[in-house]
Amino acid sequence: MTIEVAVSEAVVGDDPSFVRRLAPEELERASRREDSGAFLTARALQRTTIGQVLGVEPSDLVFERRCTTCGSTRHGKPRIGGHPEWSFSLSYTHSMAVLALARAPEVGIDVEHLDDAGFPAFDELTLAEDERPALTGLDGQEQLAARAVVWARKEAILKATGHGLVVDPSSIVVTAPDAEPALVDWRAAETAPAAVRLLDVPLADARHRAAVAVLSDDDVTLTRLGDVLR
Ligand SMILES: CC(C)(COP(=O)(O)OP(=O)(O)OC[C@H]1O[C@@H](n2cnc3c(N)ncnc32)[C@H](O)[C@@H]1OP(=O)(O)O)[C@@H](O)C(=O)NCCC(=O)NCCS
């Protein structure tokens with residue numbers, strides 16, 4: 001069987017139609033955030049993409065959450081209320097948002113801006129010892145791009161499992177940035193997923209890198225949806 005993952009993306013903007021697609025609690029949450037434009041764009045992308053694929057009015061969608069770590073329903077990986085067979089994942093930076101949606105086991109997506117990978121402790125916080133040689137000797141944009149690839153791959157896996165950064169990213173090992181994406185080793189105390197498919201997501205924006213993870217050993221194809229927020 002092949003799992004089809006639909007991927008949509010949007011540039012952060014302030015189109016007034018975004019606001020009309022959101023629920024009151026999302027607008028209230030946006031008003032409290034410094035990155036309200038990014039949050040509004042991301043949630044508009046979430047509602048519009050899922051609404052389009054499932055044939056539901058975006059504003060009618062209800063989202064539920066459940067934390068993998070503590071079981072709370074106030075935070076954690078979101079799901080689509082009334083559609084348990086679907087899994088989705090959202091990620092955004094200050095300038096773009098991406099969404100992955102699949103009728104499948106759990107899916108996770110992550111997008112990273114190259115500039116956010118420039119902090120000095122990156123290797124220490126993100127990489128296992130045996131991952132470091134593949135990123136040694138790179139500098140400038142090449143180093144930022146390699147870091148963003150590895151970071152996006154790891155976070156996509158941890159968003160698929162629902163652990164997020166409760167799992168130390170340096171305790172999961174992925175392939176080198178220029179190699180086929182795959183999970184190599186799971187060294188965290190938390191239970192490892194039984195299977196993971198990992199794919200890089202090509203983006204038009206050269207300043208970002210993104211990856212998708214699906215908790216399955218079936219083949220996975222990515223289907224790009226057009227300009228969903230037009
Ligand atoms: C998941 C996580 C890594 C994403 O952080 P980030 O890189 O800043 O953000 P991204 O833009 O990539 O993703 C944000 C989206 O991830 C999703 N998300 C949140 N928590 C998630 C989780 N545990 N698993 C999967 N997806 C999650 C939401 O859709 C969120 O969008 P929202 O802000 O509109 O609600 C981070 O929020 C995290 O580590 N959460 C877990 C915290 C936790 O569980 N603590 C223990 C509590 S007991």
Side-chain angles (χ1 to χ4, degrees), residues 5 7-12 18-19 21-50 58 61-81 86-102 104-117 119 122 125-126 147-172 188-191 193 196 201 203 205 208-215 229:
V5 179
V7 174
S8 60
E9 63 180 89
V11 173
V12 168
F18 294 175
V19 168
R21 306 176 208 206
L22 303 194
E25 68 270 18
E26 290 173 311
L27 299 177
E28 198 272 327
R29 196 172 148 194
S31 70
R32 287 187 277 115
R33 293 178 61 124
E34 264 179 36
D35 64 343
S36 61
F39 178 79
L40 288 173
T41 305
R43 287 301 184 95
L45 182 71
Q46 176 176 315
R47 285 187 176 272
T48 311
T49 306
I50 297 171
L61 288 163
V62 175
F63 296 100
E64 298 163 351
R65 311 185 83 127
R66 189 165 188 285
C67 177
T68 305
T69 305
C70 72
S72 166
T73 54
R74 296 175 62 83
H75 61 267
K77 187 172 167 112
R79 305 205 65 85
I80 311 165
W86 290 88
S87 171
F88 81 95
S89 183
L90 173 71
S91 184
Y92 50 99
T93 67
H94 65 278
S95 55
M96 81 172 291
V98 292
L99 183 122
L101 174 66
E106 298 298 335
V107 64
I109 194 165
D110 189 59
V111 63
E112 297 295 338
H113 194 287
L114 266 56
D115 290 349
D116 295 335
F119 60 95
F122 181 90
L125 292 177
T126 312
R147 286 177 168 188
V149 167
V150 171
W151 189 359
R153 288 177 182 176
K154 290 187 182 211
E155 214 175 297
I157 295 169
L158 296 178
K159 290 176 76 178
T161 64
H163 290 107
L165 296 175
V166 164
V167 167
D168 176 354
S170 69
S171 69
I172 64 166
E190 290 79 2
T191 309
V196 176
V201 179
L203 297 173
D205 181 338
H208 286 86
R209 295 293 182 276
V212 159
V214 180
L215 302 190
L229 289 188

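Please read all numbers here as calculations on a predicted model, not as lab measurements. Note that ligands are numbered from 1 as they come in the structure, with each ligand's atoms numbered from 1 the same way.
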Any heavy atom of Arg29 under 4.0 Å from ligand 1? The part involved is side chain
Checklist entry - Any ion pair linking Glu106 and Arg79 (charged N to carboxylate O, less than 4.0 Å)? => result yes
Point to revise | Close approach of Gly76 to ligand 1, heavy atoms, under 4.0 angstrom | key: yes
Quick look: Thr93 vs ligand 1, heavy-atom contacts under 4.0 Å, and the answer is neither
The atoms of ligand 1 lying under 4.0 Å from a heavy atom of Leu165, numbered in the order shown, are 3 (C), 38 (C), 39 (O)
### Message
Please check whether Lys159 reaches ligand 1 - meaning an N/O of the residue sits under 3.5 Å from an N/O of the ligand, judged on distance alone.
### Response
yes
Can you find a non-hydrogen atom of Ser89 under 4.0 Å from ligand 1?
-> no
Short version for Ser91: what comes under 4.0 Å of ligand 1, heavy atoms counted, is both
Problem - His208 and Thr93: side chain donor to acceptor below 3.5 Å - result: yes
Only one of Asp168, Ile172, Leu165 passes side chain to side chain contact (heavy atoms under 4.5 Å, CB included) with Lys154, and that residue is Ile172
What I want to know is whether Gly162 and ligand 1 share at least one N or O pair that is separated by under 3.5 angstrom.
yes
So the atoms of ligand 1 within less than 4.0 Å of a heavy atom of Arg65 turn out to be 18 (N), 19 (C), 28 (C), 35 (O)
Honestly, for His75 the part within reach of ligand 1 (heavy atoms, under 4.0 Å) is side chain
